[in-house]
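Just follow the structure's listing: the first ligand is 1, and inside any ligand the first atom is 1.
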Amino acid sequence: MGTSLLNNVFLTKKPIFRSYILPSHSIRIMTNSTQDIICAISSPPGVGAIALIRLSGENCISLVNGVFSKEILHAKGYSIHFGNIIKNDQTLDEVLVTIFRNPHSFTGEESVEIACHGSIFIQQEIISLLIDNGARMSEPGEFSKRAFYNGKMDLTQTEAIADLIHSESEGAHKLAMQQMKGGISKELHSLREELIKFAALVELELDFAEEDVEFADRIQLIELVKNVLSKVNRLKDSFQLGSAIKGGVNVAIVGKPNAGKSSWLNALSNDEVAIVSDIAGTTRDKIEVPLLLEGIKFRFIDTAGLRETEDIIEGMGVVKAKEVISKAGMVVYMFDIAEIGHHYLDDAITYVKELNTSAEILLLANKVDTAKESLGFYGLEYGHYSNLHLVSSLQSESIEFIKKEIVRLFHQNQKQTGDIIVTNARHYEALKNASVDLEKSLLGLENNLSGDFVAMDIRQVIHHLGSITGEITQDNLLGHIFKNFCIGK
Ligand code: GDP
């Protein structure tokens, strides 16, 4: 974009400002779009029934035409062609070739997909044939990078593809889909647009400094910044929930030996994962069971208990238990209903809280089946604890109840968020920075600071928000993002 056009947009005589405040639709740094034809195997490595080889770049249809038994030079976009891949007059494989015409492809470039049989030999032979004919192996994430450079999607959407591929639960899948459809981009776009208008007005005033005019009503501006700040903070706060849904929630199961932790974990997973015995200290290390509950991935980790021990191996287990607790999103503290009084329980809660201040604690008084006559007594004894339940690892109703309780506690522990949930640490970082600079500009406005300073802070906010979607991006950041993609994506 030429400088004169920018001048028109920002109505400012100060060139130093112009490099930052850009209308969001105008920026995509087209520095890395090459004309090379890239190719890669896009299906998972190894043998499969079918494998997919992808090519992208100008003239890739002509390249494939040269090694294919059918004429596809003038084939329409989205058409599929059955034929043979030929090497030295020999048929390498029977394949299906799909044609994508520029710009109607994933990358926005002319592209071809070859569905071949999934033998490793065939895949490698076809790839080397394509390379011999002028293609080159793609770098990790290069297809997505081209899609970004060609304006097919913004950065959050390309990042969402990686999340979608790695999603392991309904919750993670839903969030990745939301991001891929541009959920967060739309939200950020409108916030950025509002700030750009605001910054333009403040900067317009700077141009008329001698006349002492005020184009931007300060009261309205304060309202606007407050509004954007609350939206940015809401997005920022949703990251805790987003990262838990994306990565899974660690649930540490702790308690004295013989409380019934392993039995409960077995029942929970319907599998004999932990060794159950009535000799105290059976679980010497940690046992991990991943489980999907109502679309959220939980990782239940049984530990060696909290008891101090002289047994070296068991002692190592206790050290691990502490580590597991400190990193958990939730702690289930289980105890034998008959064995523990509330003094012990208070000590245990304090112990857990010292290791982890933010985790929710679920207290389970186990083996209630052995104490049916004393239920009234125990009800009184433990009645004042929140999140305490009388359960039995041997009863399936108890197990189902606790599963629901765990999901309920998980949601209860999350801050209220809107529809858009942030899952990406890079986005979170940028939102945090935007929030700090919004606070600064609010303070500046409330203290009648000069427009220069306020505009400077707002420019920073616009920059942070733009860096999320890639509207303002440095090449080294892009390099870092795409290098974590796999080849063929
Ligand atoms: P851990 O050391 O905490 O993992 O405890 P275990 O799961 O190994 O259980 C210790 C003993 O308690 C075993 O003999 C279990 O069968 C028994 N047990 C566990 N849960 C219950 C329960 O709810 N009711 C009864 N009656 N026994 C249980």
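Salt-bridge annotation for R234 and D237: absent, with no side-chain N of the basic residue lying under 4.0 Å from a carboxylate O of the acidic one. Using a cut-off of 4.0 Å between Lys/Arg side-chain N and Asp/Glu carboxylate O, K403 and E400 are scored as salt-bridged.
Residue-ligand proximity: A259 is placed with a non-hydrogen atom under 4.0 Å from ligand 1.
Every atom of ligand 1 is numbered from 1 in the order shown, and the set under 4.0 Å from a heavy atom of N366 is 20 (N), 21 (C), 23 (O). Counting atoms of ligand 1 from 1 in the listed order, those under 4.0 Å from a heavy atom of P257 are 2 (O). Applying the 4.0 Å criterion to heavy atoms of S262 picks out, from ligand 1, the atoms 1 (P), 4 (O), 7 (O). Under a 4.0 Å criterion applied to the non-hydrogen atoms of S393, ligand 1 contributes the atoms 20 (N), 22 (C), 23 (O). Taking every heavy atom of T370 and a limit of under 4.0 angstrom, the matching atoms of ligand 1 come to 26 (N). Counting the atoms of ligand 1 from 1 in the order shown, those under 4.0 Å from a heavy atom of D369 are 22 (C), 23 (O), 24 (N), 25 (C), 26 (N).
Between F335 and L345, the closest heavy-atom pair is CE2-CD1, 3.5 Å.
Residue-to-ligand polar distances keep D302 apart from ligand 1: every N/O pair is separated by 3.5 Å or more. Checked against a 3.5 angstrom limit, the closest N/O atoms of V391 and ligand 1 fall outside it. Residue contacts with ligand 1: W264 is placed with no nitrogen or oxygen under 3.5 Å of a nitrogen or oxygen of the ligand (distance criterion only).
Looking at A267, S263, G255 and measuring to atom 9 (O) of ligand 1, the nearest heavy atom belongs to S263.
Side-chain atoms of V331 and L362, non-hydrogen and from C-beta on, never get closer than 4.5 Å to each other. The closest side-chain heavy-atom distance from E113 to I99 is not below 4.5 Å.
Note: D36 CG to E139 CD = 9.0 Å, rounded to the nearest 0.5 Å. To the nearest 0.5 Å, atoms CD1 (I53) and CD1 (I127) are separated by 4.5 Å.
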Next on the checklist: E94 vs H117, test: side chain to side chain donor-acceptor pair (under 3.5 Å). Steps then yes/no.
Outcome noted: CA-CA 8 Å; E94 279 186 349; H117 289 102; 5.8 Å; no
